[in-house]
Q: 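Before anything else, here's the structure in question.
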Amino acid sequence: MIAATVLLTAVLATGLALLGNGRPAFQSLDDRWMNAMRGAPSGAAATLARTFDVLGGPLGVILPLALTGCLCVYGRWRSGLFVFTAGVVSNIVVVLPLKQLVDRPRPPHPWVLVGEGSFPSGQVFTVTTLLLAAGVVLFPPRARRWWWLFATALIAATMWSRTWLHAQWLSDTVAGAAAGVGVVLLLWSAFARLLEEEARRAAADRLWD
């Protein structure tokens, strides 16, 4: 709960710093990072970046719903509700209002189709919540450490792809990841009793009782 509160508060504070016509203190870092993302809108790097972009875009909507459905089919509706809340509902409740509130302009000349509002990165938020929620419901505690490493690498790759494609600033992607981690931690705490009850029922082969 403490970690979730700190992360979400930091994201909100960063968003508030972007309000108005002033230049935020971290804009120079964003500019330097964007200058380093020099390349071409075609080629191997751009193709790889667009692949990760799909994960946070169309697949980012389909996969949480598919995972929720699979869990419910096997009687794990509590885990399904957790995944649906983390992967779908939180995007509507957290990311969309923040985008409308801050309304940060995108970097000039993005290489992919983008909507309004650059902060926070909805793509990175979607990937983060999906991977972390999947880790909670699909893996036992001892196996999660390897999944967390994989998830971290995939989240970092998504952050890179968004900046390489000039779709978002570095700070937007950091905020998206931080908000995603904060939301999942908060929901994990809120769903802890339901998930523990489901684990007990699964161990006793009573998921459908």
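Computed from a prediction, not measured in an experiment: that's the story for all the values here. For this chain, numbers begin at 1 and follow the sequence in order.
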Q: So, do Val136 and Phe191 sit near enough that their side-chain heavy atoms are less than 4.5 Å apart?
A: no

Q: List the steps and the verdict of side chain to side chain contact (heavy atoms under 4.5 Å, CB included) for Trp164 and Trp111.
A: CA-CA 9 Å; Trp164 181 263; Trp111 296 346; 3.9 Å; yes

Q: Could you state the interatomic distance from CG (Leu71) to CG (Leu81), rounded to the nearest 0.5 Å?
A: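 Leu71 atom CG to Leu81 atom CG measures 11.0 Å (nearest 0.5 Å).
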
Q: Would you check if there is a donor-acceptor pair between the side chains of Thr163 and Gln168 at a distance under 3.5 Å?
A: no

Q: Are Val137 and Trp146 connected, step by step, through hydrophobic side chains (Ile, Leu, Val, Met, Phe, Trp, Tyr) whose heavy atoms are closer than 4.5 Å?
A: no

Q: Could you go step by step and tell me if Phe84 and Leu67 meet the side chain to side chain contact (heavy atoms under 4.5 Å, CB included) rule?
A: CA-CA 8 Å; Phe84 181 77; Leu67 179 56; over 6 Å; no

Q: Supply the atom-to-atom distance Leu195 CG to Arg193 CZ, rounded to the nearest 0.5 angstrom.
A: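 If we round to the nearest 0.5 Å, Leu195:CG and Arg193:CZ are 12.5 Å apart.
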
Q: Which pair of heavy atoms, one from Ser161 and one from Ala49, lies closest together, and at what distance?
A: CB-O, 3.4 Å

Q: Do Thr68 and Phe82 have side chains that approach each other closer than 4.5 Å (heavy atoms only, starting at C-beta)?
A: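 When only atoms from C-beta onward are counted, Phe82 and Thr68 do not touch, as no gap falls below 4.5 Å.
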
Q: Let me know which of Val127, Val181, Leu130 forms a side chain to side chain contact (heavy atoms under 4.5 Å, CB included) with Ile155.
A: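 So the option named by the test is Val127.
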
Q: Looking at Ser90 and Val183, what are the two nearest heavy atoms and their distance?
A: CB-CG1, 3.6 Å

Q: Is any side-chain heavy atom of Phe119 closer than 4.5 Å to one of Asp103?
A: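 Of all side-chain heavy-atom pairs linking Phe119 with Asp103, none is under 4.5 Å.
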
Q: Closest approach of Arg104 and Asp30, non-hydrogen atoms and distance?
A: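 The answer is NH2-OD2, 2.8 Å.
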
Q: For Thr158 and Gln123, what are the C-alpha separation, side-chain angles and deciding distance, and is it a side chain to side chain donor-acceptor pair (under 3.5 Å)?
A: CA-CA 8 Å; Thr158 306; Gln123 299 267 22; over 6 Å; no

Q: Could you grab the distance from atom CG of Leu7 to atom CG of Leu12, nearest 0.5 Å is fine?
A: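 Interatomic distance, Leu7 CG to Leu12 CG, rounded to 0.5 Å: 12.5 Å.
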
Q: Supply the atom-to-atom distance His109 NE2 to His166 NE2, rounded to the nearest 0.5 angstrom.
A: 10.5 Å

Q: Test side chain to side chain contact (heavy atoms under 4.5 Å, CB included) on Leu18 and Arg23 and set out the steps.
A: CA-CA 8 Å; Leu18 290 166; Arg23 178 182 171 87; over 6 Å; no

Q: If only atom types and distance count, is the side chain of Arg162 paired as donor or acceptor with the main-chain N or O of Met159 below 3.5 Å?
A: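 The answer is no, because no donor-acceptor pair under 3.5 Å joins these two groups.
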
Q: Determine yes or no for a side-chain-to-main-chain donor-acceptor pair under 3.5 angstrom, with Arg76 supplying the side chain and Glu198 the backbone.
A: no

Q: Look up atom CG in Leu8 and atom CG in Leu185, then write down how far apart they are to the nearest 0.5 Å.
A: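 Rounded to the nearest 0.5 Å, the CG-CG separation comes to 8.5 Å.
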
Q: Does Val11 reach the side chain of Leu98, with side-chain heavy atoms less than 4.5 Å apart?
A: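 Answer yes - side chains close enough.
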
Q: Indicate yes or no for a side-chain donor-acceptor contact from Lys99 to the backbone of Pro120 under 3.5 Å, with no hydrogens or angles considered.
A: yes

Q: Checking Asp172 against Ser118: is there a side-chain donor and acceptor pair closer than 3.5 Å?
A: yes

Q: Testing the basics here: between Ile92 and Leu96, what is the closest heavy-atom pair and its distance to 0.1 Å?
A: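 Heavy atoms only, the tightest pair is O-CB, 3.8 Å.
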
Q: Search all heavy atoms of Pro64 against all heavy atoms of Val83 and return the closest pair with its distance.
A: O-CG1, 3.9 Å

Q: Assess the side chains of Thr129 and Asn91: does a donor N or O sit below 3.5 Å from an acceptor N or O?
A: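 Checked: Thr129/Asn91 side chains show no N/O donor-acceptor pair below 3.5 Å.
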
Q: Are Leu138 and Trp147 close enough, and set up right, to give a side chain to side chain contact (heavy atoms under 4.5 Å, CB included), and what steps lead you there?
A: CA-CA 10 Å; Leu138 296 180; Trp147 180 257; over 6 Å; no

Q: Does atom OH of Tyr74 have more than 12 heavy-atom neighbours, drawn from other residues, nucleotides or ligands, at distances under 6.0 Å?
A: no

Q: Would you mind listing the cluster partners of Ile2? Hydrophobic ones only (ILVMFWY), side-chain contacts under 4.5 Å, chaining allowed.
A: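 Other cluster members: Val6.
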
Q: Is the CH2 atom of Trp148 crowded by more than 12 outside heavy atoms at less than 6.0 Å?
A: yes

Q: Return the minimal non-hydrogen interatomic distance between Val112 and Ala167, and the atom names on each side.
A: CG2-CB, 4.0 Å

Q: Using only atom types and a distance under 3.5 Å, with no angle test, would you say the side chain of Trp169 pairs donor to acceptor with the backbone of Trp33?
A: no

Q: Side chains of Leu48 and Trp160, heavy atoms from C-beta outward: is any pair under 4.5 Å?
A: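 Yes, side chains in contact.
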
Q: Within the side chain of Thr173, is there an N or O that forms a donor-acceptor pair under 3.5 Å with the backbone of Leu170?
A: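 Here the side-chain-to-backbone pair exists.
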
